[in-house]
Visitor: 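Have a look at this one.
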Amino acid sequence: MKNKKIITIGVFALFTVGNMNAQKKPYLDKTKTIEERIDLLLPLMTLEEKVGQMNQYNGFWDVTGPAPKGGTAELKYEHLRKGWVGSMLTVRGVKEVRAVQKIAVEETRLGIPLIIGFDVIHGYKTLSPIPLAEAASWDLEAIKKSASIAADEASASGINWTFGPNVDVANDARWGRVMEGAGEDPYLGSKIAIARVKGFQGETIADLAKVNTIAACAKHFAAYGYVEAGLEYNIVDISNSKLYNSVLPPFEATVQAGVRTFMNSFNTLNGVPATGNTFLQRDILKGKWKFDGFVISDYASIREMIAHGYAKDEADATAKGVNAGSDMDMESYLYVAKLTDLVKEGKVKEALVDDAVRRILRVKFELGLFDDPYRYCDEKREKATIGNKANNDGVLDMAKKSIVLLKNDKNLLPLKKTGQKIALIGALANDKNSPLGSWRIAADDNSAVSVLEGMQHYKDNQLTFEKGVDLLSQKATFLTETVFNTTDKSSFEAAKTAAKNADVVVMVLGEYGFQSGEGRSRTDLNLPGLQQELLEEIYKVNPNVVLVLNNGRPLSIPWAAEHVPAIVEAWQLGTQTGNAVAQVLYGDYNPSGKLPMSFPRNVGQVPIYYNKYSTGRPIDSDKNVFWSHYMDVEKTPQYPFGFGLSYTKFDYKNLKVNKTAFAKGENVQVSVEITNSGNYDGKEVVQLYIHDEFASIVRPIKELKGFELVSLKKGETKTVTFTLTDKELGFYDNEGNYLVEEGTFKIMVGGSSDKGLESGFEMK
């Protein structure tokens, strides 16, 4: 209570002084518009203070302890006290945030508050599924709700800015960061990007002033999802057609949704690092799209332009970053060290600094930080919000909606609730840490509900657990390589005995939580360690296997796809993993998820994606080898984009287009009837694809242009109607111009990208 009284007095004193000195600090006048307040503040700032707003530091000392002495920590601390820091990251918790904010507001000349950033990728402490898993729900309202839960917890802990959503379109599962995005499709990715921005920020920019919202950050701008060979931090070399039609649409969607910040990417594009890429940041983002928020570098990416071979030294990297439109320097330490001198030397225009600072201040004003710098520092709210029941219920709902049923040939699922002997096998089944995924830096270790714990709630079956094999040979962490057990099979026999005596075997296999994410590129997409061997050994003694996959990327599982009768893609589902998996396995929730990325038959097919091009020789018309194919495997994926089964069955019929020919600008109405002809109530994602049969630039064989999540009772029929406008029917040329051309279009409507009812129309 003593500390609380001191804080209350401190805040009262701050605002009393602020009101008394309104003439000295006119930018605190809340009756003026944000732009007017910025106009009043900017002229009062020295060049050093302006540059300071463009500087972000990582948390660097124990804020509850003494001020740091010596080294970079002392330097950063002094910069903070001088007003030379605009933002800090990884400082979290009300006590810690208040301490650093107090220095910025009460000890600097102008009292400009900090914006506090954090990687709230799929939750703060109460974790939702990884974003790729959420994308599998195709449920935009649930995804928005998930982001709002994350914002609620993060803001209650003092944070007001997240480095998400990741809107990188990606079709190479070797790249570990596919777990952060929405998969391979730009249309689905754009819709999910909007949902996540609105979940974090609220419906409008005005909602940023609410205490339970945080500023979002669209990343990584741009093309990071296309790094060569799926190799982290690698170069990107793609066509303009790919850039304009696949990469940029989700980013533009976030701008239209009001996203307040962008983060540039580590990769090069057209030989220029994204951090120093004027074309991306000034021409497109701030020019063509009229984005008025600010751009932050990725971690030390301004300095890394030297390693790229694009900047000759620190000063050159600084100048190129600012000139290209990178407004804030994350942990390169270069803007604060070099930019003031560059401006004085005439190598960087002060007008560019002013523009960057204006953008940063604008977001701080929008967040309400100037009106109440401690608005996110309420210890009572923090205690009441973190991990509360409503948030756990919300992430459980999201987790269930994210699960995809890939196979159920023998109708092993749903499991019977009474009278079954079930063997649960796999180290991941009893793991409370791995389901949290890679980006869980605020979550407590071992805080997930394990699959074993979830299944133990169903008490009328005989459940036996055996790990079968240790997945890891040493402890995995966020900062170290994951090392797998490849030699110790000592637990095989116990697992085989349990399987022999069971009616059904549930095997939980896949990747460890730290095996996907940043810095986790793979060249092998099979089950890691000894898991494949264990799977085959168990299958020999009992073929009634339900394979539950825990993973952060598409895996290559050809043996399982051929032999195992039931396969459930359960991803890394966060805090409520075990409860979600158990409720799906036992049929208390009918799975409705659809894949947001194609699953390859083997890694040699990667990158693989549904919206490919036909090529000039798509089929074997002459019965010879000279056509587009592999000699050793089908060229189709194991499981395609948009695929996912249910415990019930859905029938499609009566696909109709309202006319056969349309003029440009005229809306196309497409309708289809869908019937639940199975034995369970369920939900189906009805998907609409188009194919522009001939165009000035070759178009993909299929493009998703509409989807609707439909709930159907057993025996119920509904009509779903889609409207196609110029926005869905056009494309970008190689100069970024949007075209809607005359021609013929095929359409397909169904429950997956690989099959459905077909029709067409003409555009005149």
Visitor: Assess whether a salt bridge exists between Lys219 and Glu180, defined as any Lys/Arg side-chain N lying under 4.0 Å from an Asp/Glu carboxylate O.
Guide: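 Salt bridge: yes.
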
Visitor: Taking the six-membered ring of Phe266 (Phe, Tyr or Trp), confirm whether the NZ or CZ of Arg303 is under 6.0 Å from its centre and within 45° of its axis.
Guide: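 Output no; distance or angle outside limits.
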
Visitor: Of the non-hydrogen atoms in Val469 and Asp488, which two are nearest, and what is the gap between them?
Guide: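 Heavy atoms of Val469 and Asp488 come nearest at CG2-O, 3.4 Å.
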
Visitor: Can you name the residues that form a salt bridge (charged side-chain N to carboxylate O under 4.0 Å, His left out) with Lys410, not counting sequence neighbours?
Guide: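 Once residues adjacent in sequence are excluded, Lys410 has no partner under the salt bridge (charged side-chain N to carboxylate O under 4.0 Å, His left out) criterion.
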
Visitor: Let me see the working for Glu184 and Ser598 under side-chain hydrogen bond (donor to acceptor under 3.5 Å, both in side chains), right down to the final yes or no.
Guide: CA-CA 8 Å; Glu184 70 189 45; Ser598 303; 3.1 Å; yes

Visitor: Before giving the answer on side-chain hydrogen bond (donor to acceptor under 3.5 Å, both in side chains), spell out for Asn526 and Gln531 the whole-Å C-alpha distance, their side-chain angles and the decisive distance to 0.1 Å.
Guide: CA-CA 9 Å; Asn526 299 329; Gln531 293 178 107; over 6 Å; no

Visitor: Taking atom types as modelled, find out whether Ser146 and Glu134 have a side-chain donor-acceptor pair closer than 3.5 angstrom.
Guide: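 There is such a pair (donor and acceptor under 3.5 Å, judged by atom type) between the side chains of Ser146 and Glu134.
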
Visitor: Run the salt bridge (charged side-chain N to carboxylate O under 4.0 Å, His left out) check on Arg520 and Glu511 step by step: do they pass?
Guide: CA-CA 11 Å; Arg520 270 77 178 186; Glu511 297 182 306; over 6 Å; no

Visitor: A quick test of your reading: do over 12 heavy atoms of other residues, nucleotides or ligands sit less than 6.0 Å from CD of Glu481?
Guide: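 Count not over threshold, so no.
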
Visitor: Within the structure provided, determine whether Leu555 and Arg522 are in side-chain contact (heavy-atom separation under 4.5 Å).
Guide: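 Heavy-atom side-chain distance check passes, below 4.5 Å.
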
Visitor: Check Lys746 with Glu758, please: is the shortest side-chain N to carboxylate O separation under 4.0 Å?
Guide: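 Looking at Glu758 and Lys746, the cut-off is not met.
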
Visitor: Under 3.5 Å, which donor-acceptor pairs do the side chains of residues 635-645 form with other protein atoms, sequence neighbours left out?
Guide:
{"residue": "Lys635", "atom": "NZ", "partner": "Pro618", "partner atom": "O", "Å": "3.1"}
{"residue": "Lys635", "atom": "NZ", "partner": "Ser628", "partner atom": "O", "Å": "2.9"}
{"residue": "Thr636", "atom": "OG1", "partner": "Arg601", "partner atom": "NH2", "Å": "2.9"}
{"residue": "Thr636", "atom": "OG1", "partner": "Glu634", "partner atom": "OE1", "Å": "3.3"}

Visitor: In this structure, are over 12 heavy atoms from other groups packed under 6.0 Å from Lys191 atom NZ?
Guide: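 Result for NZ/Lys191: open.
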
Visitor: If every non-hydrogen atom of Val178 is compared with every non-hydrogen atom of Ala173, which pair is closest and at what distance?
Guide: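 Val178 and Ala173 have their closest heavy atoms at CG1-CA, 4.4 Å.
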
Visitor: Ser592 and Tyr589: which non-hydrogen atoms are nearest, and at how many Å?
Guide: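 What the structure gives for the nearest pair is OG-OH, 3.8 Å.
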
Visitor: Start with the C-alpha gap between Thr162 and Asp119, add the side-chain angles, then the distance that decides, and say whether side chain to side chain contact (heavy atoms under 4.5 Å, CB included) holds.
Guide: CA-CA 6 Å; Thr162 176; Asp119 283 296; over 6 Å; no

Visitor: Minimum heavy-atom separation for Asn264 to Ser297, with atom names?
Guide: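 Between these two residues, the closest heavy atoms are OD1-CA, 3.2 Å.
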
Visitor: Run the side chain to side chain contact (heavy atoms under 4.5 Å, CB included) test on Trp138 and Val686 for me, step by step, so that the C-alpha distance in whole Å, both residues' side-chain angles and the decisive distance to 0.1 Å come before the verdict.
Guide: CA-CA 10 Å; Trp138 296 56; Val686 183; over 6 Å; no

Visitor: For Glu533, is there an ion pair with Lys489 - N to carboxylate O distance below 4.0 angstrom?
Guide: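 Here Lys489 pairs with Glu533 in a salt bridge, since their nearest N and O are under 4.0 Å apart.
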
Visitor: Are the charged groups of Glu466 and Lys496 less than 4.0 angstrom apart, N to O?
Guide: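 Answer for the salt bridge query: no.
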
Visitor: For a quick test of reading the model, state the closest non-hydrogen atom pair linking Leu436 to Ser447 and the distance between them.
Guide: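 Between these two residues, the closest heavy atoms are CD1-OG, 3.7 Å.
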
Visitor: Report yes if some heavy atom in the side chain of His629 is under 4.5 Å from a heavy atom in the side chain of Asp620; otherwise report no.
Guide: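 His629 does not reach Asp620 side chain to side chain.
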
Visitor: Evaluate the side-chain proximity of Phe484 to Leu472: yes if any heavy-atom separation is below 4.5 Å, no if none is.
Guide: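 Touching, per the 4.5 Å side-chain cut-off.
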
Visitor: Which atoms form the tightest heavy-atom contact between Phe492 and Leu530, and what is the distance?
Guide: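 So the two residues come closest at CZ-O, 4.0 Å.
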
Visitor: Determine, stepwise, if the pair Asp185 / Tyr610 fulfils side-chain hydrogen bond (donor to acceptor under 3.5 Å, both in side chains).
Guide: CA-CA 9 Å; Asp185 183 72; Tyr610 87 93; 2.6 Å; yes

Visitor: Is the closest side-chain heavy-atom distance between Tyr233 and Val227 below 4.5 Å?
Guide: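 Heavy-atom side-chain distance check fails, nothing below 4.5 Å.
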
Visitor: For Asn590 and Lys683: C-alpha separation, side-chain torsions, deciding distance, then whether side chain to side chain contact (heavy atoms under 4.5 Å, CB included) applies.
Guide: CA-CA 8 Å; Asn590 189 352; Lys683 293 185 292 185; over 6 Å; no

Visitor: Please state whether the rings of Phe251 and Phe262 are parallel, tilted or perpendicular, taking 30° and 60° as the class boundaries.
Guide: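 Plane angle between 30° and 60°, so tilted.
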
Visitor: Any heavy-atom pair between the side chains of Val236 and Tyr226 that's under 4.5 Å?
Guide: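 When only atoms from C-beta onward are counted, Val236 and Tyr226 do touch, with a gap below 4.5 Å.
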
Visitor: Taking the six-membered ring for Trp and the single ring otherwise, decide whether the centroids of Tyr539 and Trp559 are under 6.0 Å apart.
Guide: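 So the answer is yes for these two rings.
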
Visitor: Just wondering, do Pro165 and Val197 contact through their side chains at under 4.5 Å, heavy atoms?
Guide: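 Counting from C-beta outward, Val197 and Pro165 do come under 4.5 Å.
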
Visitor: Does Leu248 reach the side chain of Leu243, with side-chain heavy atoms less than 4.5 Å apart?
Guide: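 They are in side-chain contact.
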
Visitor: Evaluate the side-chain proximity of Arg174 to Val603: yes if any heavy-atom separation is below 4.5 Å, no if none is.
Guide: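 Yes - at least one pair of side-chain heavy atoms lies under 4.5 Å apart.
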
Visitor: Salt-bridge test for Arg440 and Asp445: reply yes if a basic N is under 4.0 Å from a carboxylate O, no otherwise.
Guide: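 Looking at Asp445 together with Arg440, the answer is yes, because their closest N to O distance falls below 4.0 Å.
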
Visitor: When you look at Trp439 and Glu518, which way does the side chain to side chain contact (heavy atoms under 4.5 Å, CB included) test go after all the steps?
Guide: CA-CA 9 Å; Trp439 284 110; Glu518 183 172 356; 3.5 Å; yes

Visitor: Give a yes-or-no answer on whether the side chains of Tyr224 and Glu232 include a donor-acceptor pair shorter than 3.5 Å.
Guide: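 Yes, Glu232 and Tyr224 have a side-chain donor paired with an acceptor closer than 3.5 Å.
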
